[in-house]
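First the proteins, then the strands, lettered A, B, ... as listed; each starts at 1. Computed from heavy atoms alone, side chains included, the values below leave out hydrogens, waters and symmetry copies.
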Number of protein chains: 2
Amino acid sequence: MTTMTAAERRQEAKAAFDSYMDACPTHDVLGVIGNKWTSVVLFQLTQGPRRYADLARALPGVSAKMLTQTLRSLERDGFVARSVTPSVPVQVEYALTLLGERLVPLLASVRHFAEHNIAEIRASREHYDAAAD
Amino acid sequence: MTTMTAAERRQEAKAAFDSYMDACPTHDVLGVIGNKWTSVVLFQLTQGPRRYADLARALPGVSAKMLTQTLRSLERDGFVARSVTPSVPVQVEYALTLLGERLVPLLASVRHFAEHNIAEIRASREHYDAAAD
DNA sequence: CTGTATCCTAGGGGATACTG
DNA sequence: CAGTATCCCCTAGGATACAG
């Protein structure tokens with residue numbers, strides 16, 4: 001512990017930085033909304049509560065597995081509430097929580113930026129790809 | 001083509017939805033900022049232009065491969081400009097473009113939301129996990 | 001200093017079939 | 001209706017070594 005090799009110092013810095021990343025709220029939230037289906041599911045729920053099959057119908061691209069997984073994750077994070085009506089057959093309804101509602105304006109910001117800048121971004125990509133000979 | 005099975009109809013809806021998703025600007029942008037290192041690299045660059053080694057030092061968690069890949073991707077999308085000074089050894093500097101600067105407030109929004117709501121999110125997770133017996 | 005090249009693994013995500 | 005359970009693939013990302 002008196003002296004340390006450069007490799008050891010790098011290792012330590014990496015470990016410290018990794019735990020910093022894990023604790024970073026921004027990174028955490030980005031990890032949530034960065035998932036493939038969260039934004040679209042959330043968008044559906046801004047239109048009002050929806051049942052499982054409603055979502056599956058509105059989002060034909062999602063597999064049953066991913067729909068369930070996305071919903072569970074959103075529920076775990078407190079963005080969505082799941083309520084079961086014990087009829088036959090059972091009815092399950094998903095709705096935004098207050099926390100979920102607070103996420104909506106953020107998604108709107110992303111959307112606003114995206115719609116105003118996507119043309120420039122895509123133009124840049126084309127230019128970049130064209131330059132690659 | 002006169003009649004269609006339910007499976008065929010589902011297939012068609014899925015294909016249509018998939019291409020819609022591909023074209024969706026919001027989803028596109030989310031895909032960019034959702035990558036593990038984009039937000040932190042971008043944050044470094046908001047502090048001013050940085051060289052490759054500066055970034056590597058500031059971000060001990062990134063591998064050389066991912067740093068390069070992240071930078072290339074950001075350059076391709078037009079968020080970052082790469083300029084090479086042909087000295088010996090060469091100097092390469094990365095800086096935000098105007099488009100990149102426009103992305104900064106959005107990241108700030110994410111950060112703002114994250115910092116104000118992360119406690120509630122994490123509390124929800126703990127509660128959810130505790131309920132799972 | 002600024003990267004490439006290679007190899008490898010974990011897990012996100014899809015397809016299909018089955019259940020209370 | 002509202003999911004599970006399986007199997008499988010593919011890519012994001014890490015480690016290590018090498019190169020201009």
Side-chain angles (χ1 to χ4, degrees), chain A residues 6-8 10-11 13-15 17-18 21-22 27 30-41 44 49-75 80-95 132, chain B residues 6-8 10-11 13-15 17-18 21-22 27 30-41 49-76 80-95 132:
Chain A
E8 281 167 343
R10 250 180 288 117
Q11 271 295 107
K14 180 168 160 35
F17 190 82
D18 282 352
M21 282 276 282
D22 284 353
H27 197 256
L30 245 16
V32 172
I33 65 179
N35 290 327
K36 184 165 184 182
W37 297 106
T38 42
S39 57
V40 280
V41 167
Q44 287 295 317
R50 291 281 184 277
R51 295 181 38 196
Y52 186 92
D54 295 333
L55 293 169
R57 219 170 307 112
L59 277 13
V62 70
S63 62
K65 174 185 165 184
M66 286 318 295
L67 183 51
T68 303
Q69 190 170 303
T70 302
L71 255 6
R72 286 289 178 287
S73 167
L74 253 15
E75 188 194 358
V80 162
R82 175 176 185 271
S83 48
V84 181
T85 307
S87 51
V88 179
V90 296
Q91 284 202 342
V92 181
E93 195 175 78
Y94 294 92
Chain B
E8 282 168 341
R10 249 180 289 118
Q11 271 293 107
K14 179 167 160 35
F17 189 83
D18 281 352
M21 282 276 281
D22 284 352
H27 196 257
L30 245 15
V32 172
I33 64 179
N35 290 326
K36 184 165 182 183
W37 297 104
T38 41
S39 57
V40 279
V41 167
R50 290 284 185 275
R51 294 182 39 195
Y52 185 92
D54 294 334
L55 293 169
R57 219 169 308 112
L59 277 15
V62 230
S63 62
K65 175 186 166 186
M66 287 317 296
L67 183 52
T68 302
Q69 190 171 305
T70 303
L71 255 6
R72 286 290 178 286
S73 168
L74 289 172
E75 189 194 357
R76 186 174 106 101
V80 162
R82 175 176 184 271
S83 47
V84 181
T85 305
S87 51
V88 180
V90 298
Q91 283 202 341
V92 182
E93 195 176 77
Y94 295 91

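In this structure, CZ in R51(A) is found 8.5 Å from CZ in R57(A), a value given to the nearest 0.5 Å. Atom CG of L67(B) sits about 7.5 Å away from atom OH of Y94(B), to the nearest 0.5 Å.
Among the nucleotides dA2(D), dC1(C), dG14(D), the one closest to the side chain of M66(B) is dG14(D). Distances from the side chain of T68(A) to the nucleotides dA15(C), dT4(D), dG13(C) place dT4(D) closest. For A53(B), taking side-chain heavy atoms from C-beta onward, the closest of the listed nucleotides dT4(D), dC1(C), dG14(C) is dC1(C). Here the nucleotide nearest the side chain of S63(B), chosen from dT4(D), dT4(C), dG14(D), is dG14(D).
Heavy-atom distances to DNA chain C give each of V92(B) and P89(A) a nearest nucleotide, and the one nearer the 5′ end belongs to V92(B). The residue among D54(A) and Q11(A) whose nearest nucleotide of DNA chain D lies closer to the 5′ end is D54(A). Across the interface with DNA chain D, nearest-nucleotide mapping of V90(A) and N35(B) shows V90(A) to be the residue nearer the 5′ end.
The side chain of Y52(A) places no N or O atom within less than 4.0 Å of a non-bridging phosphate oxygen (OP1 or OP2) of dT4(D). A sub-4.0 Å separation between OP1 or OP2 of dT4(C) and a side-chain N or O of R72(B) is present. The shortest distance between the side-chain N/O atoms of Y94(B) and the OP1/OP2 oxygens of dC1(C) is not below 4.0 Å. Checking the phosphate oxygens (OP1, OP2) of dA2(D), a side-chain nitrogen or oxygen of R51(A) falls inside 4.0 Å.
At a threshold of 4.0 angstrom between heavy atoms, the contacts of R57(B) with the nucleic acid are absent.
T70(B) places a side-chain N or O within 3.5 Å of a backbone atom of M66(B) that can act as its donor or acceptor partner. A donor-acceptor pair is defined here as one N or O able to donate and one able to accept, closer than 3.5 Å; such a pair exists between the side chain of T68(A) and the backbone of A64(A).
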Trace of the side chain to side chain contact (heavy atoms under 4.5 Å, CB included) decision for L71(A) with L55(A):
CA-CA 10 Å; L71(A) 255 6; L55(A) 293 169; 4.0 Å; yes
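Of all non-hydrogen atoms in K14(A) and G61(B), the two that sit nearest each other are NZ-O, 3.9 Å.
To the nearest angstrom, C1' of dG12(C) lies 14 Å from NZ of K36(B). In this structure, L71(A) places its CG atom 11 Å from P of dA2(D), rounding to the nearest Å. Across the protein-nucleic acid pair, L67(B) atom CG and dG14(D) atom C1' stand 14 Å apart, rounded to whole Å. When rounded to the nearest whole Å, the span between CD of Q69(A) and P of dT6(D) equals 16 Å. A straight line from CE of M21(B) to P of dG14(C) spans 8 Å, rounded to a whole angstrom.
Each end of the helix from dC1(C)-dG20(D) to dG20(C)-dC1(D) gets its own axis from five base pairs, and the two axes differ in direction by 50°, given to 10 degrees.
Taking only distance into account, the side chain of K65(A) meets the base of dG14(C) through a donor-acceptor pair shorter than 3.5 Å.
More than 12 heavy-atom neighbours from other residues, nucleotides or ligands sit within 6.0 angstrom of CD on E93(A).
No option in L74(A), N35(A), V62(A) other than L74(A) meets the side chain to side chain contact (heavy atoms under 4.5 Å, CB included) test with V41(A).
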